[in-house]
*Asks:* 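Below you'll find the structure I mean.
Every heavy atom of this structure was used, including side-chain atoms; hydrogens, water molecules and symmetry mates were not. If you're wondering where the values come from, they're calculated on a predicted model, not measured in any experiment.
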There are 2 protein chains.
Amino acid sequence: MSEPGSGQGGTHSGERVCPSNPNVSCGDCRLGDLCLPITLDAGEINQLDEIVKRGRPLKRGDALYRQGEKFTSVFAVRSGSVKSFQTALDGEERVTGLYLPGEILGMGGISSMQYDNTAVALETASVCEIPFHLLEELSVKIPSLQGRFFRLMSQEITKDQKMLTMVSTNTAEERVSALLLSISARNHHRKLSQTCFILPMTRAEIGSYLGLTLETVSRIFSRLQKQGLIKVDNKEITIEELDGLKALAKVSS
Amino acid sequence: MSEPGSGQGGTHSGERVCPSNPNVSCGDCRLGDLCLPITLDAGEINQLDEIVKRGRPLKRGDALYRQGEKFTSVFAVRSGSVKSFQTALDGEERVTGLYLPGEILGMGGISSMQYDNTAVALETASVCEIPFHLLEELSVKIPSLQGRFFRLMSQEITKDQKMLTMVSTNTAEERVSALLLSISARNHHRKLSQTCFILPMTRAEIGSYLGLTLETVSRIFSRLQKQGLIKVDNKEITIEELDGLKALAKVSS
DNA sequence: CGATAAGTTGAACTGGCTCAAGTCATGTGG
DNA sequence: CCACATGACTTGAGCCAGTTCAACTTATCG
């Protein structure tokens with residue numbers, strides 16, 4: 001039904017500007033209004049463009065950075081998807097974030113000057129690397145870039161706190177529903193289908209992210225399907241009753 | 001044993017500079033090396049000083065800001081303690097943060113331009129209010145202030161993710177131990193006793209913060225006391241076996 | 001001093017976990 | 001291109017950490 005790598009970015013294979021083309025600049029990038037440059041004018045985007053490094057596409061499992069490494073850059077997902085996770089003392093991985101195209105990651109490393117988690121591609125993905133010391137210098141020259149970055153970090157704080165509230169209060173069913181709705185809303189924001197998408201994570205990764213076991217995640221999917229709220233075909237999810245799912249998730253957005 | 005308001009700040013009542021004196025400037029504040037100005041030189045501190053508003057002390061229950069209100073300022077705790085919480089759809093309060101002297105709060109409001117939680121004083125407290133638009137302007141002029149604020153926000157992200165990992169994986173015992181150790185470490189950093197302190201929150205608030213019920217928190221306290229790791233006298237906690245508690249908490253710091 | 005909020009402790013219950021036994025998809029080497 | 005290995009997923013049964021409900025004690029404060 002879908003070859004590997006088609007999860008999030010692949011549905012756009014017919015576009016003018018290929019999202020994994022390393023030569024596309026920030027001004028041309030179709031994610032322009034989601035990513036860092038959103039509030040910048042053309043001249044400023046060019047300045048930002050010069051400090052952005054665009055590497056070759058990553059394969060599933062490739063790391064953007066690793067927990068404990070010296071912090072150098074933040075990253076913007078251009079296509080595909082990325083997860084971040086912390087490795088506990090016992091070696092267990094705990095997923096802390098899922099990042100889709102247009103989203104920024106790595107900001108947790110700024111304070112301690114080393115990355116506080118590991119980020120790996122969940123599928124074939126391309127990312128922009130933004131060396132932080134250059135971004136800082138540029139932010140002093142372009143106040144609106146500083147403002148944009150303050151806002152981005154604030155967004156991450158808000159997101160994490162929402163997640164924290166959810167994991168510590170909501171039931172398994174509410175958490176799984178909320179995750180599906182979150183992916184749905186982010187797809188919608190990127191002009192993709194909000195009712196049908198490929199899950200970029202395995203059941204185990206979803207469980208780790210939501211504080212559940214993989215068996216519970218699987219059972220909830222089956223239950224939601226039985227209730228007619230979603231259709232599950234392996235990793236392909238179709239939301240049949242968006243409002244019903246929202247009622248179940250008990251979250252504002 | 002201790003009158004209200006003596007929890008965190010009151011133990012310093014014999015100091016030269018009274019922490020609730022609204023006339024003390026950033027340069028004179030005994031929290032100087034914990035709070036915002038940490039990396040600034042004398043001239044820069046004076047500039048920051050001019051934008052900081054120091055109101056009269058807050059009483060227990062007074063709000064610094066409320067969820068949904070227009071975002072205007074971030075706040076630094078000068079003395080006392082502050083909690084932040086989100087109000088769910090059903091009206092339930094979920095504690096999302098505990099802030100002790102020298103710590104900054106309110107940064108979650110920057111992105112959406114409205115506060116994403118409510119912050120109230122847990123005891124008599126004094127705070128500095130820093131209007132954000134002035135802080136932004138000043139940050140462009142003082143690059144090290146921009147850097148400092150980037151680092152502060154990053155710290156908040158790291159803290160939240162650590163909390164998220166903890167709440168979704170650790171047992172009740174580990175969570176309670178970790179909170180006690182966190183308060184202990186923060187007290188130590190502020191040159192207060194790391195083994196004996198007054199809990200600024202009720203059992204219900206601690207439970208809400210850690211994703212537990214108040215009964216469980218109470219039971220864990222009793223259990224830890226029975227094991228000889230801590231001594232509990234209502235809100236006064238004495239850590240008897242710091243290393244034992246650390247072993248139990250299973251956290252790095 | 002009396003009212004009310006905070007905290008403790010016990011007993012029974014339950015949502016999600018653990019363990020187990022399978023099926024199904026994906027990909028690899030012969 | 002098939003066979004087989006391996007990882008991903010599903011489903012069931014029993015269990016347990018933490019919840020819920022309840023009764024009580026202890027602090028706080030007008």
*Asks:* In terms of side-chain heavy atoms of B/L212, which of D/dG18, D/dT20, C/dT8 is nearest?
*Replies:* D/dG18
*Asks:* Looking at C/dC17, C/dA6, D/dT19, which one has an atom nearest to any side-chain atom of A/T213?
*Replies:* C/dC17
*Asks:* Without decimals, in angstroms, what is the distance between B/M201 CE and C/dA5 C1'?
*Replies:* 18 Å
*Asks:* Please determine whether any donor N or O and acceptor N or O are separated by less than 3.5 Å between the side chain of B/E215 and the base of D/dC21.
*Replies:* yes
*Asks:* What's the NZ-C1' distance between A/K226 and D/dG12, to the nearest Å?
*Replies:* 12 Å
*Asks:* Less than 4.0 angstrom from a charged side-chain N to a carboxylate O is my criterion; do A/K83 and A/E93 meet it?
*Replies:* yes
*Asks:* Just by distance, no angles: are the side chains of A/S126 and A/R54 close enough, under 3.5 Å, to form a donor-acceptor pair?
*Replies:* no
*Asks:* Please report, rounded to the nearest Å, how far the C1' atom of C/dC17 is from the CG atom of A/L210.
*Replies:* 15 Å
*Asks:* Under 4.0 Å, heavy atoms only, any strand: does B/L214 hit a base, just the sugar-phosphate, or nothing?
*Replies:* base
*Asks:* Output the rounded distance in Å from CG (B/L224) to P (C/dT9).
*Replies:* 13 Å
*Asks:* Check every atom of C/dG7, C/dG16, C/dT8 against the side chain of B/N234 and return the nucleotide holding the closest atom.
*Replies:* C/dG7
*Asks:* For the residue pair A/T165 and B/Q86, confirm or rule out a side-chain donor-acceptor distance under 3.5 Å.
*Replies:* yes
*Asks:* Over how many whole Å does the gap from B/L199 atom CG to D/dA27 atom P extend?
*Replies:* 16 Å
*Asks:* Identify whether the distance between the nearest side-chain nitrogen and carboxylate oxygen of B/E174 and B/K250 falls below 4.0 Å.
*Replies:* yes
*Asks:* Counting just side-chain N and O atoms, does A/R203 come under 4.0 Å of either OP1 or OP2 of D/dT10?
*Replies:* yes
*Asks:* Report the distance from atom CG of B/N170 to atom P of D/dG18, rounded to the nearest whole Å.
*Replies:* 10 Å
*Asks:* What is the distance, to the nearest angstrom, from the CD atom on A/Q225 to the P atom on D/dC9?
*Replies:* 14 Å
*Asks:* How would you label the contact of A/G207 with the nucleic acid (heavy atoms, under 4.0 Å): base, sugar-phosphate, or nothing?
*Replies:* nothing
*Asks:* NA contact type, B/T216, heavy-atom cut-off 4.0 Å: base, sugar-phosphate, or nothing?
*Replies:* base
*Asks:* What I want to find out is whether A/R186 reaches A/E103 closely enough, with some N-O distance under 4.0 Å, to be called a salt bridge.
*Replies:* yes
*Asks:* Atom CG of A/D233 and atom P of C/dC24: how far apart are they, to the nearest Å?
*Replies:* 13 Å
*Asks:* Quick check on C/dA25: is either OP1 or OP2 less than 4.0 Å from any side-chain nitrogen or oxygen of A/K235?
*Replies:* no
*Asks:* Has the side chain of A/R219 got a donor or acceptor atom sitting under 3.5 Å from an opposite partner on the base of D/dG12?
*Replies:* yes
*Asks:* Using the side-chain heavy atoms of B/S222, tell me which of these nucleotides is nearest: C/dT9, C/dG16, D/dG18.
*Replies:* C/dT9
